[in-house]
Amino acid sequence: MRPLMSRYDPSVIEPRWQAAWEETGAFTARRDPAKPKYYVLEMFPYPSGRIHMGHVRNYTMGDVVARYKAAQGFSVLHPMGWDAFGMPAENAAMERGGHPKDWTYGNIADMKAQMKPLGLSIDWSRELATCDPEYYGQQQAMFIDMMEAGLVYRKAAVVNWDPVDMTVLANEQVIDGKGWRSGAPVERRELTQWFFRISDYSEELLAALDGLTNWPEKVRLMQANWIGKSRGLQFAFETVGAPEGFERLEVYTTRPDTLMGASFAAISPDHPLAKALEADPEVAEFVALCRKGGTSAEEIETAEKIGYDTGIRVKHPLDPTWELPVWIANFILMDYGTGAIFGCPAHDQRDFEFATKYRLPIKAVFVAEGAEDAPLAEAFVPMKSEKVRYIRGFAGAEVQTGDEGVAAAIAHAEARGYGQGVTKYRLRDWGVSRQRYWGCPIPVVHCATCGVVPEKKENLPVELPYDVSFDVPGNPLDRHPTWKHCACPNCGAPARRETDTMDTFVDSSWYFARFTAPRATTPTVPEEAEYWMNVDQYIGGIEHAILHLLYSRFFARAMHRTGHLPAKAIEPFNALFTQGMVTHEIYMTRDDQGRPVYHLPEDVTVFNVADRRIVVRGTEPPPIDMIDDVDAFIRALADEGLLVEVIPSAKMSKSKKNVVDPMNIIASFGADTARWFVMSDSPPERDVEWTSAGAEAAFKHLGRVWALSSRIGEMPEDHKGEGDADLAKATARAIDEVTRSIEGFAFNKAIATLYGFTNTIARANASTPVMKEAIRTLAKLMSPMTPHIAESIWADQGGAGLCAQAPWPKADPALLVDDTVTLPIQINGKRRAEISVPKDMAIAEVEKLALANEDVVRFLAGQPVKKIIVVPGRIINVVV
RNA sequence: GCCCGCGUGGUGGAAUGGUAGACACCGGGGACUUAAAAUCCCCUGGCUGCAAGGCCGUGCCGGUUCGAGUCCGGCCGCGGGCACCA
């Protein structure tokens, strides 16, 4: 018996099909030697407790790929886990009490419960959380292996120090140079910290970017710039009047060709020479001033440029009688180059501003070709590939490019022996120490006799103690009464455990490898890693373009070196896709002190009056009849404090309250609607703006598909129509276009095609079997995006087995070719007419037809044709 | 400040250097209905014209090209990252 026509009710069908998939174990990943494997991974979430639309979009994209690849016959691995260590858990403990562990595992349970109804094809048996001792114990084992491989060391590095709370702050916790809780001005302070030697791999990480052809070009560019390879000159100034031991001052410059424009030398406030001079209270005061504020590059580089003339002078290497003053300047970074520079104000904007402020000379070294030496209003910084005329050059031709000038200057320095060409990288070693509780403990022990000793592997994991408190600032591990006291793994004497934990980027730098053997008692298992690695498709936010991805690339190399990954996995992500964000406009009012107050979308009402879009607080619009003066009406709303300011769309964030809860959408419309909407409209790499109208439209469309399927289900078996050939052709074309769109990550185009195909079926007059074939094909093509409704239609229309396990349809190539094409005819580049011609008509024939076209004749009005361009199958352009 | 993107109708967007605006949302008109909702059909970049049509139009200015949303240079605006947010 045929099912009666029923309403589309996702709340009935979605749980039913989810249960069916679970019963058959449809998504459990299995090593199957008979099939090619495909590993698709979305960046795992931080367990905040609530999923948001960005998650829905991210996981739906991965799910579309996973379901599509499974249908193409691949053995698919599609796992999910939790990036579960990090500050928010400690912040929650401080603000609301409770324990980070309980908070985190509670959030994981909540979030998993919210993800399940999305119907994702995830192998949940491989679930892991980075805060599981099972996970971080293996991370500690690798840390020890990396220590033994010489990839780990300790050195002093600066941190944000809150002098009131006596604690280290994250950059995020420094607001306008002040601690977020204490409000005290933050200082930069040095601390001994643990580092990974990522800079040993600078050249390799840079060179290997070329091989990542399935990564977005912009990500590779950002990483290349981050690694920052530069060729320059390193040389030493001879100093005059410097303290003992500072007879020479090493500087590094990428523009040695501008040496004759030098007007000062400058050193970082953290330079050893600056430290040596700190005995002078004036210098100490200046350096202390420089250390105010946080450690972030943004803060340092946007700070006002200040300098202090030390009175020390250096001799110019090309003219020993020429002396330059040595300044301490806050914009010189100790981490880059030698922490000392020479300033050439004419050709560097920062130096220019500095020289202007402190009245230092500004002398041009080169001018634009054809220009004369003249006072500068700003630094002249042409591209190095551009030719310029050197007026104070000392090496190479008078007219040459900047690149040539630099090379000539290096050659000059090397020939005369005053300096040498060196290659430097901007990439710094990776500081992994965090003075916090909720992270992976660094598995080392400090012993009075043996020094710093790794913990024995059989003592791993070094587990976090549960009995900690967050009522005072600082590291709870450090003030725990017993935890840090232990025996030295080497000599057995009483010793002290390291209380620093690891940066959470370490956790996320190898989880993709752990998914291949998530329960193993070693970090990885060779056969599993060999079969499943690499990740074939990695999907995540562009915000991770640099750090997470670069650290993961380094870690994969380190894991290979320590025997935890095969050589083929040193670039762990074969293809990367960076999805855009889900955005929403922001609704804001201000409190009596003028501070912004944000409102959730569900707490405001949007309406239109006389083409003006107005947003007010509350769930009801105010009475709007009889409004003569819209401006007066808006003023009145503002006076009552009802008017809400609309700030343009931005990434959904809790602090701005511009968030839409996916659970509300699923409750109202079902998961398929949410999935369909986030995949439609916007290209996946771009931001998508969430609108309630868009979600309703998606729901309506699924309802139409449902109704269409019901109608076809009721057609008599022997119904004959005239449109069989047309519908078969449309079906083939839909298969072809959807397949190519999914392969190219153009999900929005796949969906546009499916809209069109649905309309075509609805209007078709074809025989019953052809209609059924079309609607079954529609279901299968929709199934990666909307798997539940697809299963229902598949079952109703006689599809075999589960739609989720059915093979992807193939288009009959014969049905994809058209015999005739329509060619637009342009005259001087403007479209004026069109003709329809057989597909393979000879160009000469096409030209003849085009020139004979009556519209063309009319437009030409007898003018002679200079040229005619025929792009076969594309366009005709007549030039007069 | 530095690095990287993006900018197309009222809105989201489509367009291997080759017919700008596919597909959708909103809006308008109509059908059905006692009525409304739902559903279905049609129209919908701007200006102009009775119409056929014409002119303009992809943030702004300039360039390359038979032809530019697309390539190049300069600007403006918005967003991401900047090493302890994840």
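In what follows, chains carry the letters A, B, and so on, assigned in the order in which the sequence lines appear, proteins first and then strands, with residues in each chain numbered from 1. Everything quoted here is computed from the prediction, not taken from an experiment.
In this structure, A:Leu550 places its CG atom 14 Å from C1' of B:rC3, rounding to the nearest Å. In this structure, CZ of A:Arg874 is placed 16 Å from P of B:rA68, rounded to the nearest angstrom. Whole-Å rounding puts the A:Arg434 CZ to B:rA83 C1' distance at 9 Å.
Comparing the same atom, P, in B:rG9 and in B:rC41 gives a spacing of 28 Å after rounding to whole Å. Going from the C1' atom of B:rG30 to that of B:rG17 covers 43 Å, rounded to whole Å. For the P atoms, the distance linking B:rU58 with B:rU8 amounts to 11 Å, nearest Å. Distance check on atom P: B:rA15 versus B:rG28 gives 30 Å, rounded to whole Å. Nucleotides B:rU16 and B:rC2 place their P atoms 34 Å apart, quoted to the nearest Å.
Residue-to-nucleotide contacts include no donor-acceptor pair under 3.5 Å from the side chain of A:Glu543 to the base of B:rC82. Taking 3.5 Å as the limit, the base of B:rC84 and the side chain of A:Gln173 contain no donor-acceptor pair of atoms between them. With hydrogens and angles ignored, no donor-acceptor pair closer than 3.5 Å exists between the side chain of A:Glu301 and the base of B:rC2.
In the set B:rC82, B:rC6, B:rA86, B:rA86 carries the atom at the smallest distance from any side-chain atom of A:Tyr46. Here the side chain of A:Asp83 is nearest to one of B:rA86, B:rC4, B:rC84, namely B:rA86. With B:rG18, B:rA83, B:rC84 as the choices, the nucleotide that has an atom nearest any side-chain atom of A:Asn877 turns out to be B:rG18. Here B:rC41 is the nucleotide among B:rC41, B:rC66, B:rA14 with the atom lying nearest to any side-chain atom of A:Arg763. Minimum atom distance to the side chain of A:Asn759 is reached by B:rA24, of the listed B:rA24, B:rG1, B:rA83. In this structure, of B:rA83, B:rA86, B:rU19, it is B:rA86 that holds the atom nearest to the side chain of A:Met87. Taking every side-chain heavy atom of A:Val871 into account, B:rG18 is the closest of B:rG18, B:rC84, B:rC55. The side chain of A:Leu547 sits closest to B:rA83 out of B:rC85, B:rA83, B:rC25. Looking at the side chain of A:Pro88, the nearest of the listed nucleotides B:rC84, B:rA86, B:rG7 is B:rA86.
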Checklist entry - Which is it for A:Asp503 and A:Trp430 under the side-chain hydrogen bond (donor to acceptor under 3.5 Å, both in side chains) test, yes or no, and what are the steps along the way? => result CA-CA 9 Å; A:Asp503 179 7; A:Trp430 176 9; 3.0 Å; yes

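RNA chain B is contacted by both A:Asn171 and A:Asn225; A:Asn225 maps to the nucleotide lying nearer its 5′ end (nearest heavy atom per residue).
Seen from the ring of A:Phe195, A:Lys155 counts as a face-on cation partner, given the 6.0 Å and 45° thresholds. For A:Arg426 and A:Trp226, the positive end sits near the middle of the six-membered ring, less than 6.0 Å away and at most 45° from its axis. The cationic group of A:Arg220 does not satisfy the cation-pi geometry with A:Trp215, failing either the under 6.0 Å distance to the six-membered ring centre or the 45° limit from the ring axis.
Within residues 742-754 of chain A, the residues having any heavy atom under 4.0 Å from RNA chain B are, by residue number, A:Asn748, A:Lys749, A:Ala752.
Ring to ring, A:Phe354 and A:Phe331 are close: their centroids are under 6.0 angstrom apart.
Here CD of A:Gln435 is found 4.5 Å from CG of A:Asp500. Values are rounded to the nearest 0.5 Å.
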Item to check | Base-pair map of RNA chain B as dot-bracket, where | denotes pairing with a different strand and pairs are Watson-Crick or G-U under 3.5 Å | outcome: (((((((..(((.....[....))).(((((.......))))).((((....))))..(((((..]....))))))))))))....

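Syn is the glycosidic conformation of B:rG9, whose angle stays within 90° of 0.
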